[in-house]
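Input: a single structure, listed below in structure tokens.
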Amino acid sequence: MQPGSFIVKQEYFDHLSWLHGVNHTCRVMALVWAMGYELQDDTTRDLAFCAAFIHDMARESDGICRVHGPKAAESKLPLFKDFFISQGILESQLSAIAAAVHYHSLLEEPELNNEYYKVIAFLKDADALDRIRLGPFDLDASYLRFPFSKKYILPARKLFLKTVRGTQYSPIAGIEMLGKILKKDLLEN
Ligand SMILES: [Fe+2]
Ligand SMILES: [Fe+2]
């Protein structure tokens, strides 16, 4: 997977958004990438990275919306599946991306025995870490699913503060910024 090949464009989104637009998507992707080092599971990381790319593209507003996950899995995954496959995702793994995108906006948690639980939970945690954009008390850390996710609360806050204004970032720029915050080369092989 080449994170530099992922470009998040405004026109991919059904709704122009500051809260759930390009920079939010890039931050969630960067958090997925960084937390992949904790997980030690490149496949789950790569699937969640692709899921993060499309997860909020089908939103129709910035309000509370439970259906934009299922909608994005239906309408956005088909648009990008060939690109994901060009990045090393197998056709048989696309259903894991669909599941993560589908579940991310639902209130109910996936069952622990859901075959895609890890990818779903990973995207949910990375997405939740960027709740700092909504306010300083908007993230309830007890909801985070992986124990290591808590370590990323402060880095996620710093990443948000660096990207809150200005240009449209890219996932790779987010990864580089997060690498500096964590003092870690996140792009080493
Ligand atoms: Fe969402
Ligand atoms: Fe999101």
Side-chain angles (χ1 to χ4, degrees), residues 3 6-36 44-80 84 96-110 114 116-141 143-146 149 152-153 155-165 168-175 177-178:
F6 286 73
I7 308 295
V8 184
K9 295 184 184 169
Q10 195 107 277
E11 63 253 37
Y12 296 159
F13 292 77
D14 292 346
H15 161 75
L16 198 69
S17 165
W18 179 81
L19 280 179
H20 304 92
V22 174
N23 286 0
H24 163 64
T25 295
C26 292
R27 287 191 297 268
V28 175
M29 292 175 77
L31 287 161
V32 163
W33 192 264
M35 291 199 295
T44 298
R45 176 201 63 190
D46 291 353
L47 292 168
F49 193 72
C50 292
F53 181 71
I54 57 173
H55 81 286
D56 276 340
M57 284 181 183
R59 265 188 170 271
E60 281 171 8
S61 79
D62 273 340
I64 291 175
C65 169
R66 300 284 168 219
V67 297
H68 68 278
K71 271 187 64 194
E74 242 171 72
S75 67
K76 302 295 178 178
L77 183 54
L79 302 178
F80 293 101
F84 295 157
I97 298 175
V101 174
H102 177 96
Y103 267 98
H104 96 270
S105 66
L106 304 186
L107 208 51
E108 65 264 30
E109 290 285 318
N114 184 311
Y116 304 124
Y117 179 83
K118 233 166 138 186
V119 184
I120 296 167
F122 204 49
L123 174 64
K124 271 184 173 276
D125 273 13
D127 196 25
L129 285 167
D130 197 42
R131 289 182 70 84
I132 183 65
R133 74 196 186 287
L134 306 174
F137 307 110
D138 236 81
L139 168 66
D140 182 344
Y143 278 95
L144 293 170
R145 294 140 194 97
F146 292 104
S149 297
Y152 287 80
I153 293 174
R157 182 194 182 97
K158 289 181 179 170
L159 181 65
F160 167 68
L161 291 173
K162 273 178 181 284
T163 55
V164 63
R165 289 183 202 290
Q168 307 273 308
Y169 290 92
S170 59
I172 194 87
I175 291 170
M177 278 186 254
L178 196 50

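Start at 1 and go down the list; that is how both ligands and their atoms are numbered.
No hydrogens or angles considered: nothing links the side chains of N23 and T163 as a donor-acceptor pair under 3.5 Å.
The shortest distance between side-chain heavy atoms of M29 and P3 does not fall below 4.5 Å. Looking at heavy atoms from C-beta onward, M35 lies out of side-chain contact with F146 at the 4.5 angstrom threshold.
Checked against L134 for a side chain to side chain contact (heavy atoms under 4.5 Å, CB included), the options I132, D138, D130 give a single hit: D138. Across H15, H24, H20, a single residue satisfies side-chain hydrogen bond (donor to acceptor under 3.5 Å, both in side chains) together with D56, and that is H24.
Listed by chain and number, the protein atoms of type N/O/S under 2.8 Å from the Fe ion (ligand 1) are D56 OD1, H68 NE2, H104 NE2; waters are omitted.
Under the side-chain hydrogen bond (donor to acceptor under 3.5 Å, both in side chains) criterion, R45 pairs with no residue, sequence neighbours left out.
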